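Excluded from the calculations below are hydrogen atoms, water molecules and symmetry mates; all remaining heavy atoms, backbone and side chain alike, are included. The structure displayed is predicted, hence computed values, not measured ones. Numbers restart at 1 for each chain; the letters A, B, ... are given by sequence-line order, proteins then strands.
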Amino acid sequence: MNSDEILSIFKRRGVLWPTAEIYGGAQGLYDYGPMGSALKRRLEDAWEAWFVGLSQNYHRIDAVEMLPEAVVRASGHLDHFADPLVTCGNCGTVIRADELLEAKGQKDAEALKGDELAARLEQLHPPCPRCGKGPLGPPRAFNLMFGMEFGALGKEKAYLRPETAQSSYLAFSRMWNIGRKKLPMGIAVIGKAFRNEIAPRQTLFRMRVFTQAELQIFFDPEDYPSEWKAFGEISVPILFAEKRLAGAVRPEEVSLRELVEKGYLPPFYAFHMAHTYRFFRDVLGYPAERIRFLEKNERERAFYNRIQFDVEAELVSLGGFKEVGAIHYRGDYDLTKHSEGSKTDLSVTTEGGKHLTPHVLELTFGVDRNVWALSDIHLRKDGERLVWSLPSYLAPVTVGVLPLIPKEHGVLAQELADALRSAGVSVTLDESGSVGRRYARLDEMGTPLAVTIDGQSKQDRTFTIRERETKEQRRVGETELLPLATKPAVPPWGCLAFR
RNA sequence: GCGGACAUAGUGUAGUGGUUAGCACGCAAGCUUCCCAAGCUUGCAACCCGGGUUCAAAUCCCGGUGUCCGCACCA
């Protein structure tokens with residue numbers, strides 16, 4: 001399925017469309033329609049069940065998207081999230097000022113402040129690397145965060161959060177106090193994050209406003225649950241940074257137990273890799289061979305990370321592996337920085353009397369990107385038709401109710417649809433067109449189960465159910481139908497892994 | 001941001017200065033139809049936005065916006 005085909009079906013069926021479409025759209029902004037928002041919500045629910053469900057000491061909060069300047073100053077985003085850019089007066093190319101200087105032999109150019117940068121540029125006046133001419137304009141700070149004036153006088157500044165994680169760190173102190181004061185403690189946020197991307201592209205993959213699902217796990221790196229050490233025998237596909245830089249593309253199957261024994265990864269990290277891998281493979285149904293963990297080396301990692309593996313899914317529509325999530329070991333960076341910034345002690349004393357600043361393991365997940373991945377991976381062609389082979393618990397609509405001949409079976413169909421809705425099932429009643437056409441409509445939106453009402457139904461209240469994947473049909477009674485509709489093949493949720 | 005290409009019903013497209021802007025799919029109504037986009041009838045629905053040239057612009061020119069491809073960017 002290529003990118004145009006996916007976008008076309010998205011627009012046609014009300015999954016997704018450009019924001020402000022009637023004004024010509026706006027770069028990097030998309031709105032979800034009824035089908036899309038239902039799918040997105042189910043994806044978020046699955047994520048929450050799988051990750052926040054790991055422990056009773058993990059909780060989801062709902063925090064605002066706007067942060068006072070002091071927060072992003074402390075977190076490092078005000079400095080690290082901004083690039084000093086210069087524009088070539090000749091060809092218009094925009095280049096990072098610090099990289100220009102480093103090319104000229106200037107060490108630590110990244111650490112220079114605005115004025116120093118400007119002075120040094122003046123002194124060295126490097127040529128434009130693209131056209132070889134110039135002149136290059138003065139450097140100006142380009143911050144990837146959206147800033148705004150706060151309050152009537154506009155004297156205070158605020159920023160839209162560049163990652164939802166910050167909201168969890170801000171909540172840490174209160175969550176510690178209202179909770180059981182135990183580590184590990186988890187704080188999850190599913191919500192919008194904002195980045196002023198220079199060139200948003202590829203629809204759901206580079207947006208200026210996007211949804212993240214992130215779980216911050218606060219823990220003691222020297223004393224964590226035994227379950228994190230004994231996670232069973234599982235191999236995951238990994239592409240190590242070293243091999244990637246040597247040209248490798250395909251990952252290798254690696255036993256996590258062996259990685260831990262060799263001391264390459266701490267057990268707490270390996271445990272969450274396993275859990276994350278199973279989420280993509282077993283819950284979202286991505287084929288194992290289309291998932292890989294990409295190791296980021298020190299140079300590539302975000303400034304706060306000690307260990308970072310991106311999770312990538314191979315997407316035909318985007319021509320290869322694309323990031324859909326990541327596992328970041330952020331150490332005590334965030335709590336330490338916010339302790340300093342807020343002048344609030346964020347260290348804790350554990351049950352055993354140990355005093356520490358908890359470390360953070362962040363499980364981060366791009367919701368929109370996975371909506372796209374679910375399309376790329378599960379949309380398939382069946383002759384002329386499109387079938388969206390979504391896992392049934394993710395399908396926007398679970399059951400389609402189809403009266404074979406509306407005039408004759410419409411009343412009973414309406415009754416059945418109402419009964420299913422009362423039972424909490426997402427139902428669509430379709431009376432329009434031939435039954436084959438209606439099956440096709442359901443297939444395209446991934447509805448796993450169709451129920452048709454025919455002449456016999458009126459006599460004995462049995463119905464024909466038809467399954468999306470196999471197209472197989474069989475006749476069931478009312479009592480048999482309800483459990484089928486309400487319990488669509490549930491994945492192995494599982495698992496309160498520890499308490 | 002830069003360079004190139006592109007922008008026509010909901011979707012995919014035809015239309016090189018004068019067309020009632022065509023076609024397919026779709027959607028809606030009716031007939032038919034007891035199980036996989038069947039058939040027949042009728043209908044719905046479009047020239048991205050703003051300027052300019054011209055007697056006349058979907059068509060030519062300029063600007064904007066957006067999309068795609070390369071480059072750069074993606075802590």
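No hydrogens or angles considered: nothing links the side chains of A:R306 and A:Y269 as a donor-acceptor pair under 3.5 Å. Remark: the A:T428 side chain and the A:D430 side chain contain no N/O donor-acceptor pair separated by less than 3.5 Å. A donor-acceptor pair shorter than 3.5 Å cannot be found between the side chains of A:Q473 and A:T464. A side-chain N or O of A:Q308 and one of A:D310 form a donor-acceptor pair less than 3.5 Å apart.
Here the two rings, on A:F51 and A:F365, have centers that are 6.0 Å apart or farther. Aromatic pair A:H272/A:F279: ring centres not closer than 6.0 Å.
No engagement by A:E472 is indicated, since no non-hydrogen atom pair under 4.0 Å with the nucleic acid exists.
When atom types are taken as modelled, the side chain of A:D376 and the backbone of A:S317 share a donor-acceptor pair closer than 3.5 angstrom. Panel note: side chain A:R292, backbone A:V249; a donor-acceptor pair is recorded below 3.5 Å. Checking side-chain atoms of A:R195 against main-chain N and O of A:L144 turns up no donor-acceptor pair under 3.5 Å. With hydrogens and angles ignored, the 3.5 Å screen pairs no side-chain donor or acceptor of A:R330 with any backbone N or O of A:L335. With A:E362 contributing its side chain and A:H328 its backbone, the two residues share no donor-acceptor pair below 3.5 Å.
Across the P atoms, B:G3 and B:C44 are found 45 Å apart, a figure rounded to whole Å. B:U19 and B:C36: their C1' atoms are spaced 41 Å apart (whole Å). B:G26 and B:G12: their P atoms are spaced 15 Å apart (whole Å). The P atoms of B:A7 and B:G43 are separated by 31 Å, rounded to the nearest whole Å. Taking atom C1' on both B:U53 and B:G63, the two are 15 Å apart, rounded to the nearest angstrom. B:A56 and B:C23: their C1' atoms are spaced 27 Å apart (whole Å). As rounded to the nearest Å, B:U32 and B:A38 have C1' atoms that lie 11 Å from one another. Nucleotides B:C35 and B:U42 have their C1' atoms positioned 27 Å apart, rounded to a whole Å.
Atom CD in A:Q27 sits about 13 Å away from atom C1' in B:C73, given to the nearest Å. Between A:I198 atom CD1 and B:C71 atom P the separation is 16 Å, expressed in whole Å. Taking atom CZ of residue A:F205 and atom P of nucleotide B:C68, one finds them 13 Å apart after rounding to whole Å. Between the CG atom of A:L144 and the C1' atom of B:G1 there is a distance of 13 Å, rounded to whole Å. The distance between atom CG of A:N305 and atom C1' of B:C74, rounded to the nearest whole Å, is 15 Å. Atom pair A:L7:CG and B:C69:P shows a separation of 11 Å (rounding to whole Å applied). A:Q202 has its CD atom 16 Å from the P atom of B:C73, to the nearest Å. Residue A:N196 contributes atom CG, which lies 14 Å from atom P of B:C74 at whole-angstrom precision.
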Dump every N/O contact between nucleotides 43-52 of chain B and the protein below 3.5 Å, one line per pair.
none

For nucleotides 8-14 of chain B, tabulate all protein N/O to nucleotide N/O atom pairs closer than 3.5 Å, reporting atom names and distance.
residue, atom, partner, partner atom, Å
B:U11, O3', A:S8, OG, 3.3
B:U11, O2', A:S8, OG, 2.9

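Comparing B:U67, B:C73, B:C34 against the side chain of A:H409 picks out B:C34 as the nearest. The side chain of A:Y30 lies closest to B:U67, out of B:U67, B:C36, B:C35. Distance from the side chain of A:R201 is smallest for B:C71 among the nucleotides B:C34, B:C71, B:U67. Taking the side chain of A:S434 as heavy atoms from C-beta on, and the options B:U67, B:A37, B:C34, the nearest nucleotide is B:A37.
In the interface, the side chain of A:R466 is paired with the base of B:C36 through a donor and an acceptor atom under 3.5 Å apart. Residue-to-nucleotide contacts include a donor-acceptor pair under 3.5 Å from the side chain of A:Q473 to the base of B:C35. Between the side chain of A:R206 and the base of B:C73, at least one donor-acceptor pair of N or O atoms lies under 3.5 Å.
Ring geometry for A:F172 against A:F218 counts as tilted: the plane angle lies between 30° and 60°, on a 0 to 90° scale.
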Summary of protein contacts for nucleotides 27-32 of chain B, nucleotide by nucleotide, where a base hit scores B, a sugar-phosphate-only hit scores S (4.0 Å, heavy atoms): SS--S-
Criterion salt bridge (charged side-chain N to carboxylate O under 4.0 Å, His left out) on A:K337 and A:D334, from CA distance to verdict: CA-CA 5 Å; A:K337 287 291 179 185; A:D334 300 282; over 6 Å; no
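Just one residue in the list A:Y286, A:F293, A:W47 forms a ring-ring contact (aromatic ring centres under 6.0 Å, His included) with A:F280, and that residue is A:Y286.
A:K243 NZ: 12 or fewer foreign heavy atoms inside a 6.0 Å radius.
Contact annotation: the side chain of A:E480 approaches that of A:R474 to within less than 4.5 Å [non-hydrogen atoms, C-beta and beyond].
Between A:G455 and A:F303, it is A:G455 whose nearest contact on RNA chain B lies nearer the 5' terminus. If you find the closest nucleotide of RNA chain B to A:T452 and to A:G25, the one lying nearer the 5' end belongs to A:T452.
The distance from atom OG of A:S3 to atom CH2 of A:W372, rounded to the nearest 0.5 Å, is 4.0 Å.
Listed by residue number, the members of residues 363-390 of chain A with any heavy atom below 4.0 angstrom from RNA chain B are A:R385.
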Per-nucleotide pairing state of RNA chain B [Watson-Crick or G-U, under 3.5 Å; [ ] pseudoknot-crossing; | other strand]: (((((((..((((....[...))))((((((.......))))))...(((((..]....))))))))))))....
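Applying the salt bridge (charged side-chain N to carboxylate O under 4.0 Å, His left out) test to pairs two or more places apart or on separate chains, those with a residue in residues 5-26 of chain A are A:E5-A:K381, A:R12-A:E444, A:R13-A:E444.
Smallest separation of non-hydrogen atoms from A:S426 and A:P396: OG-O, 3.1 Å.
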